[in-house]
Amino acid sequence: MRTNVDTPGTTVAQRIAQALPRLTRSHRQVADFVLGHPLQVATLPIDELAAAAGVSVATANRFARALDFDGYATFRAELVRGFESLVAPIERLRGNLEHPTTVAEVFATALDESRRNIEATRQSLDYAACEAAVQRILKARSIYIGGFGASAWLAGLLQHGLDGSCNDVRMLSSVSGVTHSARTLMHAGPQDLFIGLTFPRYLTDTVALAQIARSQGCAVLALTDRPNAPIAPLADVVLYCQTETSYRPNCETSVLALIEALTSAVALRAPGAAQSAGRILQAMRPWLHGGLGQGHARGQVSMPALLPVAVAVASDAGKKKKKASR
């Protein structure tokens, strides 16, 4: 049977449209499901597609042949094209589930993958780009950080790491949504920096914010996984991080390691870093266990809060004692 899976411009939707007049009722039932859920179908084996569409496995296979594919495997391969980065984590997970393993083996594999990703990230680092990233951060008047989905948590840790070294660090991902993030970026300018974090599966929100930042004349620093990532062409500086993993879409451990390296380098170069750390510690002291701040709960006044009063009382007592001695 003829098959032209690799013909440029040929898509499953086009084939369905061409074959529609000759499709049986059950085949049209499958076609409707495929057209309505193309990404989902790209991840389904034939038995799961048949169940989802309410037909038999044989019907699902005949449907693929009715579209001039050799069978369901070639049909799904064509459907996957264009969705590779989206369905790859599901395919890896499905493959792992087909080969049962123990919890101990999963732990060992996951930890080993984190180690390999961190090492691969370290070996591939462009240290000129690292230097440029640190300089951009330290020179920026305001820093806007964008990351959504799983990257929102990483963006928060990046903000936390930079907050002690930089005057104005703002998180764009919040409960107000991406439209508020776009409004916030309208205040950015050439003196500012946008940092975008995006990894497969890349979210368009982060890319759109990077475009807005560039339109405002704002510099863009990207943390992503590869040169063909959608945010890379928009960035003035890019730091790459390997995130391959067997059980999840990305290995966040290696990204966090890169963030910690970046914030450590910024702290090293930031003027007055030690003094800033001291001020932060003093501000946090009432809430730190062992920092004489345990009495903060239940309306009690903590020891740090009493220190200024104690100093004033002691000073006043000293003055009175001096007067009495005269």
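Computed from a prediction, not measured in an experiment: that's the story for all the values here. Computed over heavy atoms, backbone and side chain alike; hydrogens, waters and symmetry mates excluded.
- Between Leu125 and Cys130, the closest side-chain pair of non-hydrogen atoms falls below 4.5 Å.
- To the nearest 0.5 angstrom, Leu239 atom CG is 8.5 Å from Asp126 atom CG.
- The side-chain heavy atoms of Asp225 and Tyr202, taken from C-beta on, include a pair separated by under 4.5 Å.
- Heavy atoms from other residues, nucleotides or ligands lying under 6.0 Å from CG of Asn167 number 12 at most.
- Here the straight-line distance linking atom CD of Glu260 with atom CG of Leu262 works out to 11.0 Å at 0.5 Å rounding.
- Of all heavy-atom pairs between Asp236 and Cys218, the closest is OD2-O, 4.4 Å.
- Side chains of Thr253 and Ser114: a donor-acceptor N/O pair is present below 3.5 angstrom, by distance only.
- Counting only distance, with no hydrogens or angles, the side chain of Asp168 and the backbone of Arg141 share no donor-acceptor pair below 3.5 Å.
- Partner Phe63 forms a ring-ring contact (aromatic ring centres under 6.0 Å, His included) with one of Phe75, Phe33, Phe69 and no other, that one being Phe75.
- Residues Tyr144 and Ser181 fail the side-chain proximity criterion, which asks for heavy atoms closer than 4.5 Å.
- Between Gly146 and Thr206, the shortest heavy-atom distance links the atoms O-CG2, 3.7 Å.
- Here the closest heavy-atom approach between residue Cys166 and residue Ile137 is recorded as SG-CG2, 3.6 Å.
- For the pair Leu221/Arg136, no side-chain contact is recorded, criterion being any heavy-atom separation below 4.5 Å from C-beta on.
- The distance from the CD atom of Gln159 to the CG atom of Leu172 is 9.5 Å, given to the nearest 0.5 Å.
- Annotation: Tyr127, atom OH; neighbour count of heavy atoms from other residues, nucleotides and ligands within 6.0 Å is above 12.
- In this structure, the side chain of Thr74 engages the main chain of Gly71 through a donor-acceptor pair within 3.5 Å.
- The shortest distance between side-chain heavy atoms of Ile195 and Leu162 falls below 4.5 Å.
- Side-chain heavy atoms closer than 4.5 Å link hydrophobic residues (I, L, V, M, F, W, Y) into clusters, and following such links, even through other members, never connects Phe194 to Leu158.
- Follow the hydrophobic side-chain contacts under 4.5 Å out from Leu154 and you reach Leu193 in the same cluster.
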Requested in this report: Step by step, work out the side-chain contact (heavy atoms from CB on, under 4.5 Å) result for Arg76 and Leu44.
Outcome: CA-CA 8 Å; Arg76 194 164 78 100; Leu44 296 178; 5.6 Å; no
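- Proximity of Thr224 to Tyr240: side-chain heavy atoms (C-beta onward) are separated by under 4.5 Å at one or more points.
- Between the Ser173 side chain and the Phe148 main chain, no donor and acceptor come within less than 3.5 Å of each other.
- With Ser142 contributing its side chain and Asp192 its backbone, the two residues share no donor-acceptor pair below 3.5 Å.
- Using a 4.5 Å heavy-atom cutoff, the side chains of Val255 and Asn117 are not in contact.
- Side-chain N or O atoms of Gln29 include one that pairs as donor or acceptor with a backbone N or O of Ala53 at under 3.5 Å.
- A heavy-atom distance below 4.5 Å is not found between the side chains of Arg22 and His27.
- The closest donor-acceptor contact from the side chain of Thr109 to the backbone of Val106 lies at 3.5 Å or more, if one exists at all.
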Requested in this report: Evaluate side-chain contact (heavy atoms from CB on, under 4.5 Å) for Leu209 paired with Asp205, printing each intermediate quantity in order.
Outcome: CA-CA 6 Å; Leu209 291 179; Asp205 292 350; 5.5 Å; no
Query raised in the report: Does the pair Gln216 and Leu185 meet the rule for a side-chain contact (heavy atoms from CB on, under 4.5 Å), with working shown?
Result: CA-CA 8 Å; Gln216 294 291 110; Leu185 265 182; 5.6 Å; no
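- Residues Val207 and Phe199 do not share a hydrophobic cluster, defined by chaining ILVMFWY side chains whose heavy atoms lie under 4.5 Å apart.
- For the residue pair Thr198 and Ser151, the shortest heavy atom distance occurs at CA-OG, 4.2 Å.
- Of the possible polar contacts, one joining the Ser254 side chain to the Gln242 backbone as a donor-acceptor pair under 3.5 Å is found.
- Salt bridge Asp32/Arg28: absent, no basic N to carboxylate O contact under 4.0 Å.
- Tracing side-chain contacts under 4.5 Å through hydrophobic residues (I, L, V, M, F, W, Y), one reaches Leu138 starting from Leu223; they form part of the same cluster.
- Criterion: ILVMFWY side-chain heavy atoms under 4.5 Å apart, direct or through other members. Under it, Trp153 and Ile145 are not part of a common hydrophobic cluster.
- Rounding to the nearest 0.5 Å places CG of Leu234 at 11.5 Å from CD1 of Ile212.
- Going from atom CZ of Arg122 over to atom CG of Leu258 covers 13.0 Å, rounded to the nearest 0.5 Å.
- A donor-acceptor contact under 3.5 angstrom links the side chains of Thr245 and Glu113, judged on distance only.
- No donor-acceptor pair under 3.5 Å is formed between the side chain of Asp163 and the backbone N or O of His160.
- Residue Ala267 comes nearest to Ser165 through the heavy atom pair CA-OG, 3.5 Å, listed as atom of the first residue, atom of the second, then distance.
- One side chain, Glu119 or Gln123, offers a donor N or O that lies under 3.5 Å from an acceptor on the other.
- Rounded to the nearest 0.5 Å, atoms CG (Asn61) and CZ (Arg65) are 5.5 Å apart.
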